[in-house]
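Naming: A, B, ... by sequence-line order, numbering from 1 per chain.
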2 protein chains.
Amino acid sequence: MTKPARRAHRRVDAEANDRALLRAAHDVLAEDGAHASVAAIAARAGVGIGTLYRRYRTKSELFQHLCAVSLDQWLAAAEDGLAHDDPWEGLAHYVTTGVALGSGSLGPIAGMIEITEEMADKNTRSDAAAALLVERAHAAGVLRSDVTVIDLHLLLEQLGRSPLLEQLGRQGRPDLVEAARNSRARITAIALDGLRAPAPRPLPGAPPGYELFSERWEPPPPGT
Amino acid sequence: MTKPARRAHRRVDAEANDRALLRAAHDVLAEDGAHASVAAIAARAGVGIGTLYRRYRTKSELFQHLCAVSLDQWLAAAEDGLAHDDPWEGLAHYVTTGVALGSGSLGPIAGMIEITEEMADKNTRSDAAAALLVERAHAAGVLRSDVTVIDLHLLLEQLGRSPLLEQLGRQGRPDLVEAARNSRARITAIALDGLRAPAPRPLPGAPPGYELFSERWEPPPPGT
DNA sequence: CCCTTGCGGAGCGATTCGCTCCGCTATAGC
DNA sequence: GCTATAGCGGAGCGAATCGCTCCGCAAGGG
């Protein structure tokens with residue numbers, strides 16, 4: 001295209017609308033789970049259904065984009081953590097930032113969208129950065145020795161969704177959201193203290209295997 | 001009725017069927033959230049829809065019974081914890097047992113069922129027992145001093161639902177369930193170590209208020 | 001042997017879904 | 001101020017799914 005710019009009528013609003021749509025999709029997904037409907041997402045974003053469908057050709061495409069953005073945020077959180085000089089501070093930044101992302105809400109769309117090569121690549125790089133963070137912390141002796149990077153992943157997945165926040169949203173109580181966020185920050189701090197070396201007693205059972213991660217994003221078998 | 005007992009044709013199966021129904025309701029609720037359908041529950045329990053509807057007059061009634069059973073289990077867990085002589089062991093028992101109950105899956109039915117007086121009473125007694133557990137642990141100096149009973153409640157709510165287990169169930173991978181349970185036990189152990197006194201650093205923000213608990217089980221406002 | 005009793009699941013009306021399509025509003029160029 | 005038009009909102013479509021009813025059938029008791 002040689003045309004430098006095709007002026008839109010409301011170019012200023014468009015970008016804000018897009019962010020609102022993604023945020024709305026995330027929130028509705030958290031509150032309604034797999035039951036989330038496009039109508040609810042559009043309403044939450046304050047736009048019409050038509051506006052949503054001009055931006056994304058299908059519901060899956062919206063969710064796919066949402067996933068891609070989330071992967072970007074995770075990668076950034078891990079790289080920011082590595083940028084810290086102190087190994088523990090870097091790990092703590094990764095944990096607190098990742099929890100605050102709240103991407104556990106994206107769980108219900110596993111198997112509903114196609115994973116592009118670009119997304120898989122971002123995921124790989126993100127995992128590698130997280131592994132580096134854990135290795136560095138282990139080497140510095142600040143992370144309890146019996147915790148693996150997979151333990152950390154599953155911990156983040158566990159803390160990445162907030163039943164309290166989801167229910168408050170479902171009941172329309174934005175006045176309590178701030179208190180709920182603070183509560184989750186306290187819980188995250190408790191978990192971080194539990195991760196700190198030295199460990200008072202060893203973790204139970206065997207370290208979790210990698211098989212808990214592979215095949216996690218493939219569609220479920222037809223018989224359901 | 002003066003008749004002492006009306007013999008059923010399959011009285012032995014009936015009790016097993018009832019347990020299977022409750023377990024199935026719990027599992028399907030965990031996997032499908034509010035979207036859970038009676039057909040899916042009956043299929044999971046291995047019974048017909050008619051069988052389910054002869055036992056419970058409506059879907060809400062089934063969920064209500066499920067909640068009542070869960071409340072019983074929580075109360076038992078708290079009282080078992082108090083039965084321990086060691087304050088820390090008692091608290092740890094309460095936490096690990098409560099997490100394993102997995103009652104976080106019941107979240108989606110908040111506001112869908114009527115809370116009977118009996119259920120409210122059980123809830124009150126359960127809360128009182130949990131408060132006693134926390135007080136005792138504080139008095140013994142084994143629980144970090146800046147954590148409140150509400151922190152503990154919210155922590156249990158956070159750990160009481162397992163995204164990993166839910167997704168595995170959705171994908172029909174029972175072979176990985178044991179590993180997933182073990183992983184959650186490890187995460188619970190990490191959290192317990194984070195709860196142990198002395199605390200390496202104080203928890204962020206103000207202690208959560210009781211308002212995060214009141215009104216939590218009332219139906220959402222009509223405008224949604 | 002028949003009769004009672006609990007069981008499974010097809011099917012009902014109602015609801016909700018993803019998505020299309022069209023009338024309307026708000027702006028750009030003149 | 002006027003017209004042309006790009007972007008917007010939401011009514012409404014067919015399809016799918018929901019909670020629930022009801023009836024034909026299998027499984028023991030007398």
Item to check | side-chain hydrogen bond (donor to acceptor under 3.5 Å, both in side chains): pairs with one or both residues in residues 43-53 of chain A, sequence neighbours excluded | outcome: A/Glu31-A/Arg44

N/O contacts under 3.5 Å, protein versus nucleotides 10-13 of chain D?
from   : atom 1 : to      : atom 2 : distance (Å)
D/dG10 : N7     : A/Ile49 : N      : 3.4
D/dG10 : N7     : A/Gly50 : N      : 3.4
D/dG10 : O6     : A/Gly50 : N      : 3.0

Checklist entry - Of the candidate nucleotides C/dC7, D/dC8, C/dC19, which contains the atom at the shortest distance from the side chain of A/Arg54? => result D/dC8

So, the side chain of [X] versus the backbone of [Y]: is there a donor-acceptor pair under 3.5 Å, distance only?
X        : Y        : value
B/Thr58  : B/Glu61  : no
A/Asn182 : B/Ala206 : yes
B/Gln158 : A/Arg161 : yes
B/Glu211 : A/Leu176 : no
A/Thr124 : A/Ala120 : yes

Next on the checklist: Over 60° means perpendicular and under 30° means parallel, so tell me whether A/His153 and A/Phe213 are parallel, tilted or perpendicular.
Outcome noted: perpendicular

Next on the checklist: Check the orientation of A/Trp74 and A/Tyr94. Use parallel for under 30°, tilted for 30 to 60°, and perpendicular for over 60°.
Outcome noted: perpendicular

In whole angstroms, how far is the [atom2] atom of [N] from the [atom1] atom of [X]?
X       : N      : atom1 : atom2 : value
B/Arg55 : D/dT21 : CZ    : C1'   : 18 Å
A/Lys59 : C/dT20 : NZ    : P     : 14 Å
B/Asp18 : C/dC7  : CG    : P     : 11 Å
B/Leu21 : C/dG6  : CG    : P     : 16 Å
A/Tyr53 : C/dC22 : OH    : P     : 18 Å
B/Leu52 : D/dC20 : CG    : P     : 10 Å

Checklist entry - What parts of residues 25-43 of chain A reach DNA chain C, counting only heavy atoms under 4.0 Å away? => result A/His35, A/Ala36, A/Ser37, A/Val38

